[in-house]
Amino acid sequence: MADQPQPDASSLSALIQSRWSCREYRPDPVPREAIEKMLDAARWAPSACNRQPWRFSVVTREETRKAIASRGLLPGLSAQWVVGAPVMIVMGMCRAVVTHRVAPWLSGVDYAWIDLGIAGEHLVLQAMELGLGTCWIGWIRPAVIRKIVGWPVSIRPAILFAVGWPEEPSPVKRTDRLPLSDLVQWME
Ligand SMILES: Cc1cc2nc3c(=O)[nH]c(=O)nc-3n(C[C@H](O)[C@H](O)[C@H](O)COP(=O)(O)O)c2cc1C
């Protein structure tokens, strides 16, 4: 990892500002300790009632990555760059009855998806700190991916992360964002 370009990870805001969706990776393997560090960051995410509904499958085997890229993605998403990532992490959702089925029915808030979103961004930012690129991939066929990774029906594949050393240290052009003035209502 030491020879990889390191972003300015001196502050959380620098990490947040420098994260981007990487879609071109070098084929070099990613050390297991780096993947474990990312998973550990995800594990420390907060979750409704601390139910921790996330599960992970780490896929580095080329044959399995190819199977996911060729059969587990919806049309329109290029399997080519996805399979170029040396690591694919499938994040699955395991719903608890009260917190993730009964409570959302009462409140209208689907806590499990929020929990997975937080855990996923922990994972991605930890990867960034290690100099690794990532991309969230939500355009998937959950039932196909579930079969490929061998999960029971109680775990629903929710999102994929492509992970690897970025071909370029940062994107040519960053995606932009809506200004705060379009997003925020101040009630002072
Ligand atoms: C929940 C979620 C699902 C996404 N699914 C895909 C996807 O299927 N394919 C893809 O290329 N990018 C996907 N992305 C990446 C977004 O396109 C990207 O985050 C967005 O355009 C902003 O660009 P940036 O990440 O480079 O800042 C997804 C991102 C999120 C958070």
Side-chain angles (χ1 to χ4, degrees), residues 4-9 11-26 30 38-39 41-42 45-48 53-59 64-95 100 104 109-146 148-149 155-180 182-183:
Q4 302 300 327
Q6 297 290 315
D8 174 8
S11 74
L12 179 60
S13 45
L15 264 185
I16 290 170
Q17 293 291 332
S18 56
R19 185 216 54 81
W20 89 107
S21 293
C22 177
R23 297 184 180 88
E24 210 179 338
Y25 298 91
R26 306 207 318 252
V30 177
M38 291 163 58
L39 296 167
S47 60
W54 40 74
R55 300 292 182 271
F56 301 93
S57 184
V58 181
V59 184
T64 313
R65 287 189 289 114
K66 280 185 175 161
I68 292 175
S70 62
R71 293 190 279 119
L73 307 179
L74 285 164
L77 175 55
S78 156
Q80 206 179 345
W81 73 258
V82 175
V83 87
V87 182
M88 228 180 240
I89 299 179
V90 186
M91 179 160 65
M93 180 186 290
C94 187
R95 284 185 185 267
H100 303 130
V109 180
D110 199 341
Y111 305 103
W113 285 105
I114 296 174
D115 297 345
L116 262 68
I118 302 168
E121 196 59 7
H122 275 204
L123 183 147
V124 157
L125 290 175
Q126 179 61 78
M128 221 24 234
E129 190 193 47
L130 297 168
L132 283 159
T134 57
C135 188
W136 290 73
I137 301 173
W139 198 233
I140 59 169
R141 296 182 197 276
V144 174
I145 295 177
R146 178 195 282 138
I148 294 172
V149 300
I155 308 177
R156 174 208 163 104
I159 202 96
L160 287 183
F161 297 97
V163 181
W165 304 112
E167 192 62 65
E168 303 292 338
S170 59
V172 179
K173 187 184 173 303
R174 276 223 61 182
T175 53
D176 53 14
R177 295 295 187 267
L178 295 171
L180 279 183
D182 284 7
L183 306 171

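Quick caveat: nothing in here was measured; it's all calculated off a predicted structure. Atoms within each ligand, like the ligands themselves, are counted from 1 in listed order.
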Counting distance only, does the side-chain N/O of D115 pair as donor-acceptor with the main-chain N or O of A48 below 3.5 Å? yes

Please answer whether the main-chain N or O of Q17 pairs with a side-chain N or O of R174 as donor and acceptor at a distance below 3.5 Å.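 Pair found, side chain donor or acceptor close to backbone of Q17.
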
Got a sec: does the CD of E168 have more than 12 other heavy atoms crowding it under 6.0 Å?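 No, CD of E168 has 12 or fewer neighbouring heavy atoms, counting only those of other groups under 6.0 Å.
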
I'd like to know whether CH2 of W113 has more than 12 heavy-atom contacts from other residues, nucleotides or ligands below 6.0 angstrom. yes

Which ligand 1 atoms, with their elements, are less than 4.0 angstrom from a heavy-atom of [X]?
{"X": "I137", "answer": "5 (N), 6 (C), 7 (C), 8 (O)"}
{"X": "W20", "answer": "26 (O)"}
{"X": "W139", "answer": "8 (O)"}
{"X": "S21", "answer": "15 (C), 18 (C), 19 (O), 24 (P), 25 (O), 26 (O)"}
{"X": "I159", "answer": "1 (C), 3 (C)"}
{"X": "C135", "answer": "12 (N)"}
{"X": "W81", "answer": "11 (O)"}

Can a protein heavy atom be found under 4.0 Å away from atom 4 (C) of ligand 1?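 Yes, because at least one protein heavy atom sits under 4.0 Å from atom 4 (C) of ligand 1.
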
Could you pull out the closest heavy-atom pair between [X] and [Y], with the gap in Å?
{"X": "A42", "Y": "L123", "result": "CB-CB, 4.1 Å"}
{"X": "L73", "Y": "A69", "result": "CD1-O, 3.5 Å"}
{"X": "C135", "Y": "S21", "result": "SG-CB, 3.7 Å"}

Who's closest to atom 17 (O) of ligand 1 heavy-atom-wise, of R174, R19, R23?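 Result: the heavy atom closest to atom 17 (O) of ligand 1 is in R23.
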
Option set F161, W136, W113, criterion heavy-atom distance to atom 28 (C) of ligand 1, minimum: W136

Would you say the ring centroid of F161 lies under 6.0 angstrom from that of W136? yes

Test item: side-chain donor near acceptor, T175 and R177, under 3.5 Å: yes

Pick one of side chain, backbone, both or neither for how L77 approaches ligand 1, counting any non-hydrogen atom pair under 4.0 Å.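 Looking at L77 and ligand 1, just side chain atoms fall under 4.0 Å.
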
Taking 4.0 Å as the limit for heavy-atom contacts, which would you say applies to R177 with ligand 1: side chain only, backbone only, both, or neither?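 Within the 4.0 Å criterion, R177 contacts ligand 1 through side-chain atoms alone.
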
Does the N or O separation between T175 and ligand 1 drop below 3.5 Å for any pair?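 So ligand 1 has an N or O lying under 3.5 Å from an N or O of T175.
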
